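Residue numbers count from 1 along this sequence. Here the structure is a predicted model, which is why all the values come from computation and not from measurement.
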Amino acid sequence: MNILILGSGGREHTIAWKLKQSPKCSSLFVAPGNSGTAQIAKNVPVSVTDFEAIKEVVLNNNITMVVVGPEDPLVLGIHDFFLADNALKNVAVIGPQQAAATLEGSKEFAKQFLYRHNIPTAAYQSFNAQTVEDGYAFLETLKPPYVLKADGLAAGKGVVILDNLDKAKAELKSMLVDAKFGEASTKVVIEEFLDGIELSCFVLTDGKNYKILPTAKDYKRIGEGDTGLNTGGMGAVSPVPFANQAFLDKVEKQVVKPTIAGLQKDNLPYKGFVFIGLIKVGDEPKVIEYNVRLGDPETEVVLPRLKNDLVTVFEAVANQTLDQIEIEIDSRAATTVMLVSGGYPEAYDKGKVITGLENIQDSIVFHAGAQNKDGVIETSGGRVMAVTSYGDTYKEAIKKSYQNIEKLHFDKMYYRKDIGFDL
Ligand code: AMP
Ligand code: GLY
């Protein structure tokens with residue numbers, strides 16, 4: 001089978017690495033890909049949102065399965081685009097249709113879904129420019145900290161948490177009236193603050209059946225001790241030690257089951273990954289957000305722990321026979337540490353030569369913002385590479401990642417030295 005992966009990050013390199021292990025995968029393409037995917041697949045210089053160009057790649061290369069990495073093409077309706085085209089409609093697309101992708105594309109839509117299906121989540125109200133005064137009044141009824149969320153996609157920057165009521169009101173005005181996040185903040189969700197520890201639960205569904213994949217915890221802040229600006233993610237650990245079986249049973253019963261049943265009831269067609277952002281408040285799971293794709297860098301620890309042939313699993317998603325698949329998980333822990341460009345998540349340089357890759361032992365390096373320029377691997381983004389390791393415990397795994405990172409170098413390379421510190 002010829003397969004196309006859309007995306008260019010560490011997540012997509014990991015998906016490529018995993019699919020490539022399947023005897024069913026004959027040719028693998030990645031659009032646009034990076035220096036890591038170039039080593040195991042053919043990169044095609046096509047943007048993930050250029051559906052016509054993707055169609056051409058699919059038809060020219062007899063591709064029969066497309067795996068969508070990031071959310072943008074899903075929210076823009078790539079799955080629907082395939083279904084509506086006679087030449088493409090039999091291609092298996094792994095990723096939900098547009099209506100379902102709105103769970104990530106609109107925070108208000110997600111909150112309404114959670115409420116409608118009685119899934120535990122923070123109390124909320126949403127506001128627009130006309131109701132900004134009501135928003136101020138609602139903020140006055142809440143205790144700090146105040147959680148404000150731009151409704152639409154804002155490249156991971158749309159959530160603002162503030163301790164001070166006046167600042168929260170000013171932020172609300174800036175989002176709604178001054179369009180701080182453009183279209184994305186036409187509506188704003190204001191939420192009750194939940195105090196607890198975060199983790200992510202990954203579910204694969206064919207729209208009828210579901211399989212729960214390993215849990216993971218990512219580290220979003222740039223600085224050690226979870227300080228400083230938010231990033232796409234600086235590292236991850238799987239499994240999450242504090243998510244014991246009793247807690248996971250609650251997650252399945254209170255969150256996963258009603259989510260999958262809710263998708264069916266609401267007629268939201270879904271064949272793909274559901275990434276459920278959870279917060280454990282006491283012993284209770286509450287949903288912070290849905291993403292309609294795998295996480296990055298969570299993928300770099302979740303897929304390495306999946307023992308199944310991923311092509312077979314994706315075929316079952318496409319055919320709605322996921323109930324016939326037994327998911328097998330590696331009992332070892334996996335951890336990943338992200339190497340980033342100095343300055344990230346603010347301004348940073350690109351084009352720095354990366355050295356030492358040939359010296360890595362007993363870790364897997366997934367490339368993210370890196371490209372091959374005339375045979376030289378260079379940085380091309382903020383998050384550059386994820387160094388993943390296995391271990392009997394997460395501590396052992398993390399030690400291996402750090403030992404291998406010592407061998408890697410690029411100018412102004414930075415990484416957090418405390419991944420797993422809070423576990
Ligand atoms: P989101 O983009 O919805 O995942 O939010 C980004 C981050 O903001 C989350 O990972 C949490 O750390 C935090 N956050 C979001 N909603 C809440 C909430 N209701 N209470 C506490 N923290 C939150
Ligand atoms: N690591 C968080 C995300 O992928 O959204």
Below 4.5 Å, heavy atoms only, C-beta onward: do [X] and [Y] meet side chain to side chain?
X: T388; Y: K400; value: no
X: I276; Y: V255; value: yes
X: F51; Y: L76; value: yes
X: I3; Y: F29; value: no
X: V68; Y: V48; value: no
X: I5; Y: T37; value: no
X: T231; Y: Y344; value: yes
X: P23; Y: V311; value: no

Could you measure the distance from the [atom1] atom of [X] to the [atom2] atom of [Y]? Nearest 0.5 Å is fine.
X: S185; Y: E171; atom1: OG; atom2: CD; result: 9.0 Å
X: Y415; Y: M234; atom1: OH; atom2: CE; result: 11.0 Å
X: L148; Y: L172; atom1: CG; atom2: CG; result: 5.5 Å
X: I405; Y: L339; atom1: CD1; atom2: CG; result: 5.0 Å
X: I197; Y: L278; atom1: CD1; atom2: CG; result: 12.5 Å
X: T14; Y: L306; atom1: OG1; atom2: CG; result: 12.5 Å

N/O donor-acceptor pairs under 3.5 Å from side chains in residues 105-113, not counting sequence neighbours:
| from | atom 1 | to | atom 2 | distance (Å) |
| --- | --- | --- | --- | --- |
| S106 | OG | E108 | N | 3.4 |
| S106 | OG | F109 | N | 3.0 |
| S106 | OG | D151 | OD1 | 2.8 |
| S106 | OG | D151 | OD2 | 3.3 |
| E108 | OE1 | K187 | NZ | 2.7 |
| E108 | OE2 | S126 | OG | 2.5 |
| K111 | NZ | T121 | OG1 | 2.9 |
| K111 | NZ | A122 | O | 2.7 |
| K111 | NZ | E191 | OE2 | 3.2 |

From the options L213, T336, L294, select the one residue that forms a side-chain contact (heavy atoms from CB on, under 4.5 Å) with T299.
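When side-chain contact (heavy atoms from CB on, under 4.5 Å) is applied between T299 and each of L213, T336, L294, only L294 qualifies.
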Output, in order, the C-alpha distance, side-chain angles, deciding distance and verdict of salt bridge (charged side-chain N to carboxylate O under 4.0 Å, His left out) for K55 and D85.
CA-CA 9 Å; K55 173 178 174 175; D85 189 306; 2.7 Å; yes
N-O pairing of [X] and [Y] below 4.0 Å:
X: K250; Y: D283; value: no
X: R416; Y: D418; value: yes
X: R332; Y: D392; value: no
X: K412; Y: D349; value: yes

Dump the intermediate steps for side-chain contact (heavy atoms from CB on, under 4.5 Å) on Y270 and D206, then the final yes or no.
CA-CA 6 Å; Y270 209 121; D206 60 12; over 6 Å; no
Taking [X] for the side chain and [Y] for the main chain, is one N or O donor matched with an acceptor at less than 3.5 Å?
X: N60; Y: E56; value: yes
X: D362; Y: S389; value: no
X: R383; Y: G233; value: yes
X: Y394; Y: L423; value: yes
X: N128; Y: Q130; value: yes
X: T379; Y: G381; value: no
X: N308; Y: L310; value: no
X: Q264; Y: G262; value: no
X: E104; Y: V292; value: yes
X: N61; Y: I63; value: no

Criterion salt bridge (charged side-chain N to carboxylate O under 4.0 Å, His left out) on R116 and D266, from CA distance to verdict:
CA-CA 10 Å; R116 189 158 58 244; D266 294 354; 2.8 Å; yes
Can you give me every donor-acceptor pair (side chain of residues 214-223, partner residue at least two apart or in another chain, under 3.5 Å) with its distance?
| from | atom 1 | to | atom 2 | distance (Å) |
| --- | --- | --- | --- | --- |
| T215 | OG1 | V240 | N | 3.2 |
| Y219 | OH | G420 | N | 3.4 |
| Y219 | OH | D422 | OD1 | 2.6 |
| R221 | NH1 | G228 | O | 2.8 |

Taking all non-hydrogen atoms of both residues into account, name the closest pair between [X] and [Y] and its distance.
X: V75; Y: Q98; value: O-NE2, 2.9 Å
X: I288; Y: K149; value: O-NZ, 3.4 Å
X: P73; Y: T49; value: N-CG2, 4.4 Å

Pair [X]-[Y], side-chain donor/acceptor within less than 3.5 Å:
X: N404; Y: S363; value: yes
X: T259; Y: Y210; value: no
X: E315; Y: N319; value: no

Relative to each other, are the rings of Y115 and Y124 parallel, tilted or perpendicular (30° and 60° limits)?
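Y115 vs Y124 ring planes: perpendicular.
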Measure up the H367 and H13 rings against each other and bin them: parallel (under 30°), tilted (30 to 60°), perpendicular (over 60°).
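It falls in the perpendicular class, over 60°.
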Test L204 against V274 for side-chain contact (heavy atoms from CB on, under 4.5 Å), laying out the working first.
CA-CA 6 Å; L204 186 59; V274 194; over 6 Å; no
Do other residues, nucleotides or ligands put more than 12 heavy atoms under 6.0 Å from [X] [atom1]?
X: K373; atom1: NZ; value: no
X: E183; atom1: CD; value: no
X: K417; atom1: NZ; value: yes
X: E326; atom1: CD; value: no

S8 vs N34, side-chain hydrogen bond (donor to acceptor under 3.5 Å, both in side chains): CA-CA, chis, key distance, verdict:
CA-CA 6 Å; S8 60; N34 61 30; over 6 Å; no
Ring-face cation contact, F273 with R293, 6.0 Å cut, 45° max:
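So R293 doesn't make the cation-pi contact.
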Pi-cation contact, F247 with K280 (under 6.0 Å, within 45°)
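Relative to the ring axis of F247, which defines the angle, K280 lies inside both limits.
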Under the criterion side-chain contact (heavy atoms from CB on, under 4.5 Å), I'd like the reasoning laid out for V93 against F81: C-alpha separation, chi angles, the key distance, then a yes or no.
CA-CA 10 Å; V93 177; F81 173 87; over 6 Å; no
Would you please test I15 and L19 for side-chain contact (heavy atoms from CB on, under 4.5 Å) and show each step?
CA-CA 6 Å; I15 296 170; L19 289 174; 3.8 Å; yes
